[in-house]
Amino acid sequence: ASMSEENPKIIEPHTHLQCLLPSTVNPGATTVTVSVNGVVSKLPTKREDHPATFNYQPPIISSLTPDTGATYGDWLITITGEHFGRGGKTSEELSTTVSVGGTPCRDIKVFPDERKITCTTPNTVPGKTKVVVEVGGVPSEAAILHSKGPAVDLVSPSFGPSYGGNTLIVSGTHLADLNNPNVEVEVFIGDQACTDVVTKSETHVECSAPSAHNEKSLNKDLDVSVKILGVSTKVGVYQYQPPQVDNVLPRKGPVRGGTQLTIVGNHLAGRGEQFPPTVRLGKGESSTTCEVIASKEKSLHCITNDRIIT
């Protein structure tokens with residue numbers, strides 16, 4: 001399709017004109033002709049001569065800063081290059097859009113020199129994500145943005161009681177979208193969800209460990225993952241441990257019961273009414289219980305029963 005400028009500016013009579021270029025949706029070489037009083041200029045016919053042409057170029061992306069970010073988006077990128085337009089601020093200007101992985105970038109700002117754009121990224125999937133600038137529907141070649149999901153580097157402590165309830169500190173990268181508190185952060189030990197998740201920073205999340213799923217989960221390395229919008233790319237390790245008894249004092253007492261025992265070890269506290277600690281002396285038909293009167297993580301006090309369970 002041909003395009004025209006009806007009011008060119010004469011710089012030098014008969015030899016020089018100046019005009020503002022119209023827009024186009026078809027980048028590439030375009031023939032330039034001049035019409036004076038209805039008479040159109042002719043193209044050179046000699047083989048060594050070339051027609052008067054102008055080359056329309058699409059938007060060109062030269063760099064992205066930063067070129068790596070979180071899959072949950074909401075971070076500012078700066079795009080530098082050429083031919084980014086004026087942002088479509090008036091009805092006569094072509095609109096400028098940016099897509100990241102096919103989804104529009106938000107809060108687009110086109111700088112006056114048409115060489116710089118800033119915008120806020122949408123959420124993406126892990127891996128290489130294409131960034132495209134369009135001006136008036138004409139797209140640029142895609143630049144590559146590397147999107148990374150939440151990655152766990154360290155879990156502290158790396159082990160805990162089977163009844164859960166202890167606080168886990170999870171460290172890593174891209175663990176929280178601090179720009180959008182409505183984006184939920186989930187922490188899992190295996191397939192069990194942690195509770196009371198608190199985001200301290202993008203690299204620091206805390207939560208309360210759930211109880212072990214069953215005995216098969218004990219003394220076994222389980223994946224600790226942080227998920228945002230369902231995405232997790234790297235996991236840590238956590239291990240559930242059963243109660244541990246290191247010592248019992250005193251070592252003997254009457255069969256009528258009533259002896260207060262002090263048990264020393266680890267993971268003895270239990271977890272309230274949901275997972276209270278219980279103590280049993282012996283096994284099978286000759287066993288007896290010991291009534292717990294106080295318990296802490298590393299020590300427990302109980303009073304032996306006055307009868308044998310049969």
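Heavy-atom basis, side chains included; hydrogens, waters and symmetry copies ignored. Owing to the predicted nature of the structure, the values given are computational and were not obtained by experimental measurement.
- Tyr238 contributes a side-chain N or O that, together with a main-chain N or O of Gly160, makes up a donor-acceptor pair within less than 3.5 Å.
- By the criterion of side-chain heavy atoms lying less than 4.5 angstrom apart, applied directly or through intervening Ile, Leu, Val, Met, Phe, Trp or Tyr residues, Val170 is grouped together with Val183 in one hydrophobic cluster.
- With a 4.5 Å cut-off on side-chain heavy atoms, Pro210 and Tyr240 count as touching.
- The SG atoms of Cys207 and Cys194 lie 2.5 Å or more from each other.
- Val100 and Phe84 fall within the same hydrophobic cluster, where Ile, Leu, Val, Met, Phe, Trp and Tyr residues are linked whenever their side-chain heavy atoms come under 4.5 Å apart, directly or through other members.
- No donor-acceptor pair under 3.5 Å is formed between the side chain of Thr203 and the backbone N or O of Ser171.
- Put simply, the side chain of Thr120 never gets that close to the backbone of Asp107: no donor and acceptor are under 3.5 Å apart.
- Val187 is not connected to Val231 by any chain of hydrophobic side-chain contacts under 4.5 Å among Ile, Leu, Val, Met, Phe, Trp and Tyr, and they are in different clusters.
- Counting all heavy atoms, side chain and backbone alike, Leu268 lies closest to Ser295 at O-CB, 3.8 Å.
- Two residues are said to be in side-chain contact when any heavy atoms from C-beta on lie closer than 4.5 Å; Arg106 and Asp74 meet this criterion.
- No chain of hydrophobic side-chain contacts below 4.5 Å, direct or via other Ile, Leu, Val, Met, Phe, Trp or Tyr residues, connects Ile228 to Leu145.
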- Criterion side-chain contact (heavy atoms from CB on, under 4.5 Å) on Glu186 and Val197, from CA distance to verdict: CA-CA 7 Å; Glu186 299 176 290; Val197 178; over 6 Å; no
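- At least one side-chain heavy atom of Pro139 sits less than 4.5 Å from a side-chain heavy atom of Glu134.
- Here the side chain of Thr259 pairs no donor or acceptor atom with the backbone of Gly253 at under 3.5 angstrom.
- Taking both residues in full, the closest heavy atoms of Gly85 and Val110 are given as O-CG1, 3.2 Å, listed atom of the first, atom of the second, then distance.
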- Decide yes or no on side chain to side chain donor-acceptor pair (under 3.5 Å) for Thr71 and Ser147, but give the supporting numbers first. CA-CA 5 Å; Thr71 53; Ser147 298; over 6 Å; no
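- In this structure a side-chain-to-backbone donor-acceptor pair under 3.5 Å is present from Thr233 to Pro150.
- Crowding of Glu141 atom CD: a count of heavy atoms from other residues, nucleotides or ligands under 6.0 Å not exceeding 12.
- Here the closest non-hydrogen pair linking Pro277 and Val292 is O-CG2, 3.6 Å.
- For the 3.5 Å distance criterion, the side chains of Thr289 and Arg280 fail to qualify, holding no donor opposite an acceptor.
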- For Ile117 and Ile108, run side-chain contact (heavy atoms from CB on, under 4.5 Å): C-alpha distance rounded to whole Å, both residues' side-chain angles, the deciding distance at 0.1 Å, then the answer. CA-CA 7 Å; Ile117 297 174; Ile108 295 174; 3.9 Å; yes
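- Counting heavy atoms from C-beta outward, Ser140 and Ile60 have side chains that stay 4.5 Å or more apart.
- Cation-pi geometry between Lys227 and Phe188 is met: under 6.0 angstrom from the ring centre, within 45 degrees of the axis.
- Summarising the geometry of Leu64 relative to Ala143, their closest heavy-atom pair is CD1-CB, 3.9 Å, with the distance given to 0.1 Å.
- Within a 6.0 Å radius of CD in Glu291, no more than 12 heavy atoms belonging to other residues, nucleotides or ligands are found.
- Contact of the Asn305 side chain with the Cys290 side chain is not registered, since no non-hydrogen atoms from C-beta on lie closer than 4.5 Å.
- There is no side-chain donor-acceptor pair under 3.5 Å between His83 and Glu114.
- Within the structure, salt bridge (Lys or Arg N to Asp or Glu O under 4.0 Å) pairs that include any residue of residues 260-274 do not occur (at least two apart or interchain).
- The main-chain N or O of Ala269 is found under 3.5 Å from a side-chain atom of Tyr163 such that the two form a donor-acceptor pair.
- Other residues, nucleotides and ligands contribute over 12 non-hydrogen atoms within 6.0 Å of the CD atom of Gln274.
- We find the OG-CG distance between Ser208 and Asn166 to be 8.0 Å, quoted to the nearest 0.5 Å.
- By the 4.0 Å N-to-carboxylate-O rule, Lys298 lies too far from Asp246 to be salt-bridged with it.
- Taking OG1 from Thr129 and NZ from Lys148, the interatomic distance works out to 12.0 Å, rounded to the nearest 0.5 Å.
- Here Asp191 contributes atom CG and His213 contributes atom NE2; the two are 6.0 Å apart, rounded to the nearest 0.5 Å.
- With a 4.5 Å cut-off on side-chain heavy atoms, Val237 and Val224 do not count as touching.
- Within the model, atoms CG of Asp153 and NZ of Lys234 stand 4.0 Å from one another, a figure rounded to the nearest 0.5 Å.
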- In sequence, state the C-alpha distance, the side-chain angles, and the governing distance for Cys302 and Leu300, and then conclude on side-chain contact (heavy atoms from CB on, under 4.5 Å). CA-CA 7 Å; Cys302 65; Leu300 180 149; 4.1 Å; yes
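- Annotation: side-chain hydrogen bond (donor to acceptor under 3.5 Å, both in side chains) contacts of Glu206 (sequence neighbours excluded): His204.
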- Message: Apply side-chain contact (heavy atoms from CB on, under 4.5 Å) to residues Asn219 and Gln241 and explain how you reach the verdict.
- Response: CA-CA 5 Å; Asn219 297 318; Gln241 295 180 342; 4.1 Å; yes
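- The cluster map of Ile, Leu, Val, Met, Phe, Trp and Tyr, joined by side-chain heavy atoms under 4.5 Å apart, puts Phe159 and Leu222 in different clusters.
- The minimum heavy-atom distance between Leu175 and Gly172, with the atom names listed, is CD1-N, 3.4 Å.
- There is no side-chain donor-acceptor pair under 3.5 Å between His267 and Gln244.
- Residues Leu261 and Ile303 fail the side-chain proximity criterion, which asks for heavy atoms closer than 4.5 Å.
- Put simply, the side chain of Trp75 never gets that close to the backbone of Thr121: no donor and acceptor are under 3.5 Å apart.
- Side-chain atoms of Thr78 and Thr118 form no donor-acceptor pair, as typed in the model, at a separation below 3.5 Å.
- Counting only heavy atoms from C-beta outward, the side chains of Val131 and Ile79 approach each other to under 4.5 Å.
- For the atom pair SG (Cys119) and CG (Leu76), the distance works out to 7.5 Å, reported to the nearest 0.5 Å.
- Residues Arg251 and Asn247 come closest through the heavy atom pair NH2-OD1, 3.0 Å.
- Within the 3.5 Å criterion, the main-chain N or O of Gly164 finds no donor-acceptor partner in the side chain of Ser211.
- For the pair Ser232 (side chain) and Val226 (backbone), a donor-acceptor distance under 3.5 Å is present.
- Atom CG of Asn123 is separated from atom CG of Asn180 by 10.0 Å, given to the nearest 0.5 angstrom.
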